[in-house]
K.L.:
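Can you read through this structure? Questions will come right after.
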Number of protein chains: 2
Amino acid sequence: MIIDKLYERVAEKGFVCVGLDPVFDNLPEKYKELGVTKGLFKFNKEIIDATKDLVAIYKPQIAFYEAYGLDGLKAYKKTVKYLKKQDLLSIGDIKRGDISSTAKMYAKGHFESELATDFITLNPYMGFDSVEPYLPYLESGDKGVFVLLRTSNPGAKDIEYMIQEDGRPLYYTIGDKLEEMGKAFIGDHGYSALGMVVGGTHSEEAVEIREKYKTTFFLIPGYGAQGGKAEDIRNYLNNFNGGIVNSSRGIINNYKNYPDGEEKVGHYARMAVEAMKKDIFDYE
Amino acid sequence: MIIDKLYERVAEKGFVCVGLDPVFDNLPEKYKELGVTKGLFKFNKEIIDATKDLVAIYKPQIAFYEAYGLDGLKAYKKTVKYLKKQDLLSIGDIKRGDISSTAKMYAKGHFESELATDFITLNPYMGFDSVEPYLPYLESGDKGVFVLLRTSNPGAKDIEYMIQEDGRPLYYTIGDKLEEMGKAFIGDHGYSALGMVVGGTHSEEAVEIREKYKTTFFLIPGYGAQGGKAEDIRNYLNNFNGGIVNSSRGIINNYKNYPDGEEKVGHYARMAVEAMKKDIFDYE
């Protein structure tokens, strides 16, 4: 199962997920002059080539490609194809969520077409029938999903944290149901191919969430640019094997902190991955 | 403002929104043999050409294009371009929802790039900071959004209807805040460019919602295939000027009900639009 493969990658290379969210307009000139498709792709390729032995999985955020229309989406396609060719794992960060007949079409696009990745992210707002059309792909063993539970942005408090009639925040209502749905897709290492997104920020309850959803693998965004702290993130990781920690800007834009950065985008991305691992591992 | 233009279209042509959600694999042979891009586009074109004097706005659901990768998205692009060329209004049914930096990129893609439409749909799950990046486009007057409030699928009860600490369903928490945010973008006819999606099914509270959110224009899905009833829908419409009623499959697949349907896709779509108007208008 793909979730076992991800677990093994984490065991082998560590818990880092690199978010491939490049803003074309802000890229170094040498990429911009290639145009949108090649510029975005070559930038991603440099990051991937320089970090792949240290990284469990890559997560292109599709908005950064959709922003430029079809040329941008061509770069997305080329990026996921490049990852697949090297047997590197990918999460399409698409956060789709829609009624069943529509969800089937998103599943086709992001699990079967040339835009397909190994995992995708989903938004549960419309209910669990908006998640179900993806489950046959989990059943097959080839694919996995991460459903938004508790995100890392300030606005997470507006809806996700709202206290329900039963006195609990909404995310527990959702998490309980997702954990239950996920039981049907648990792999050899004890984690389900139905994962959850839990933000590395505002995470006073990280220990509680980790203990509550024992069979759930976490995608943890918010480290770095969004303010997620090493301590909180460690609490989610279950002895460093129960999740992956995403960083996007902190890694792919690290080159901006150095005078010779534009010449060494990959090098500085690698440095940022190493620093991130050390920060989280060595936290006391 | 674009919301005024939509209001005027409703006054002129009626409240129908046609969902352009064609499943390529199920199209009549004469479209399939054109391939994905041309087949999807020509099918949409036939629907549009046959109905445009009776329809306020068209709503392509992007999942039905993403399903086929770049070729599908090319058909989406051609469809929205064709609508724009004839000054027909469009809603990109994309239901995106993400953190601020990502939402800015979605806004760029769906309000500025070749994929741009007049309106888009948004998912509020991650909080109101996920809606804010779209507001400058509303401020400009050129664009509008419809944010998911209460959808028409069975799963809407799982999260949207959950009773909060204050005894009210979640959708009121969200609706109150959205109505307030929308006050800054009210057009000449009294409706805000920040609209909401309220399903035409399970709508015992349709009258209450309509009265509560007086300045909000509604996108009402669920008529037809999803079971939305004329009576409930009338309650949302505010004397037929406060919203648009979407039907997708009921219109674009009506041809399937007739022996000569495949030869007259547009004709039968038009018949379905006429029947839908009559059903909702004449309901006693």
K.L.:
If you count heavy-atom pairs under 4.5 Å with chain B, which of A:Ser100, A:Ala67, A:Ala116, A:Ser113 comes out on top?
P.N.:
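That would be A:Ala67.
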
K.L.:
Is B:Lys177 positioned over the aromatic face of B:Phe128, cation under 6.0 angstrom from the ring centre and no more than 45 degrees off axis?
P.N.:
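Because its charged atom sits under 6.0 Å from the ring centre and within 45° of the axis, B:Lys177 does stack over B:Phe128.
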
K.L.:
I want to check a possible cation-pi pair here: A:Lys42 against A:Tyr31, using under 6.0 Å from ring centre and within 45° of the ring axis as the test.
P.N.:
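So A:Lys42 doesn't make the cation-pi contact.
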
K.L.:
Can you tell which part of A:Asp21 gets under 4.5 Å to a heavy atom of chain B, answering side chain, backbone, both or neither?
P.N.:
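It is neither, since no heavy atom gets under 4.5 Å.
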
K.L.:
Output, in order, the C-alpha distance, side-chain angles, deciding distance and verdict of side-chain contact (heavy atoms from CB on, under 4.5 Å) for B:Thr121 and B:Val145.
P.N.:
CA-CA 6 Å; B:Thr121 56; B:Val145 298; over 6 Å; no

K.L.:
Using a strict cut-off of less than 4.0 Å between a Lys/Arg side-chain nitrogen and an Asp/Glu carboxylate oxygen, indicate whether A:Asp25 and A:Lys32 qualify as a salt bridge.
P.N.:
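The answer is no: the pair does not qualify as a salt bridge.
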
K.L.:
Pick one of side chain, backbone, both or neither for A:Gln61, based on which atoms fall under 4.5 Å of a heavy atom in chain B.
P.N.:
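Answer is side chain: those atoms of A:Gln61 sit under 4.5 Å from chain B.
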
K.L.:
Pick whichever of B:Val131, B:Ile94, B:Thr102, B:Ile174 has the most heavy-atom pairs under 4.5 Å with chain A.
P.N.:
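Ranked by heavy-atom pairs under 4.5 Å with chain A, first place is B:Thr102.
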
K.L.:
Between A:Asp166, A:Asp98, A:Thr173, who has the most heavy-atom pairs with chain B when the cutoff is under 4.5 Å?
P.N.:
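Highest number of heavy-atom pairs under 4.5 Å: A:Asp98.
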
K.L.:
Given a strict heavy-atom distance threshold of 4.5 Å, which part of A:Ile163 is in contact with chain B: side chain, backbone, both, or neither?
P.N.:
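Backbone plus side chain of A:Ile163, per the 4.5 Å heavy-atom cut-off to chain B.
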
K.L.:
Sort B:Leu115 into side chain, backbone, both or neither according to what part of it lies under 4.5 angstrom from a heavy atom of chain A.
P.N.:
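For B:Leu115, the side chain is the part near chain A, not the backbone.
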
K.L.:
Measure up the A:Tyr172 and A:Tyr213 rings against each other and bin them: parallel (under 30°), tilted (30 to 60°), perpendicular (over 60°).
P.N.:
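A:Tyr172 and A:Tyr213: tilted rings.
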
K.L.:
For B:Glu114, is it the side chain, the backbone, both, or neither that has a heavy atom closer than 4.5 Å to a heavy atom of chain A?
P.N.:
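Only the side chain of B:Glu114 comes within 4.5 Å of chain A.
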
K.L.:
Going by the angle between their ring planes, with limits at 30° and 60°, are A:Tyr76 and A:His110 parallel, tilted or perpendicular?
P.N.:
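Rings of A:Tyr76 and A:His110: perpendicular, as their planes differ by over 60°.
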
K.L.:
Kindly check if the number of other-residue, nucleotide or ligand heavy atoms within 6.0 Å of NZ (B:Lys256) is above 12?
P.N.:
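Count over threshold, so yes.
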
K.L.:
Using heavy-atom distances under 4.5 Å, tell me whether A:Glu66 contacts chain B through its side chain, its backbone, both, or neither.
P.N.:
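It is both, since atoms from each part get that close.
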
K.L.:
With a cut-off of 6.0 Å (strictly less than), are more than 12 heavy atoms of other residues, nucleotides or ligands near NZ of A:Lys81?
P.N.:
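No, because the 6.0 Å sphere around NZ of A:Lys81 holds 12 heavy atoms or fewer from other groups.
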
K.L.:
So for A:Leu148, is it side chain, backbone, both, or neither that comes closer than 4.5 Å to the heavy atoms of chain B?
P.N.:
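Answer is both: backbone and side chain atoms of A:Leu148 are under 4.5 Å from chain B.
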
K.L.:
Check the orientation of B:Phe111 and B:Tyr137. Use parallel for under 30°, tilted for 30 to 60°, and perpendicular for over 60°.
P.N.:
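Taking B:Tyr137 first and then B:Phe111, their aromatic rings sit tilted (interplane angle of 30° to 60°).
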
K.L.:
A:Leu40 and A:Lys78: side-chain contact (heavy atoms from CB on, under 4.5 Å), yes or no, with the steps?
P.N.:
CA-CA 10 Å; A:Leu40 284 171; A:Lys78 284 167 74 79; over 6 Å; no

K.L.:
Hey, which of B:Phe64, B:Tyr106, B:Tyr125 has the most heavy atom pairs under 4.5 Å with chain A?
P.N.:
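Answer, by heavy-atom pair count under 4.5 Å with chain A: B:Tyr125.
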
K.L.:
Quick check against the 3.5 Å criterion: does A:Asn153 have a side-chain atom that pairs as donor or acceptor with the backbone of B:Met126?
P.N.:
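Yes, A:Asn153 side chain to B:Met126 backbone: donor-acceptor pair under 3.5 Å.
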
K.L.:
Heavy-atom distance under 4.5 Å to chain B: side chain of A:Ser130, backbone, both or neither?
P.N.:
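For A:Ser130, no heavy atom lies under 4.5 Å from chain B.
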
K.L.:
Checking heavy atoms, do the side chain of A:Arg168, its backbone, both or neither come under 4.5 Å from chain B?
P.N.:
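Neither; nothing under 4.5 Å.
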
K.L.:
Does any backbone or side-chain atom of A:Lys104 lie under 4.5 Å from a heavy atom of chain B? Answer side chain, backbone, both or neither.
P.N.:
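Neither part, no heavy atoms under 4.5 Å.
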
K.L.:
For each of A:Met162, A:Arg96, A:Lys74, A:Glu112, tally heavy-atom pairs with chain B at distances under 4.5 Å, and name the one with the top tally.
P.N.:
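Between A:Met162, A:Arg96, A:Lys74, A:Glu112, the count favours A:Arg96.
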
K.L.:
Can you tell which part of A:Leu73 gets under 4.5 Å to a heavy atom of chain B, answering side chain, backbone, both or neither?
P.N.:
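Its backbone and side chain both get close to chain B.
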
K.L.:
Examine whether an atom of A:Ser101 lies under 4.5 Å from a heavy atom of chain B, and if so say whether it belongs to the side chain, the backbone or both; otherwise answer neither.
P.N.:
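Both the backbone and the side chain of A:Ser101 come within 4.5 Å of chain B.
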
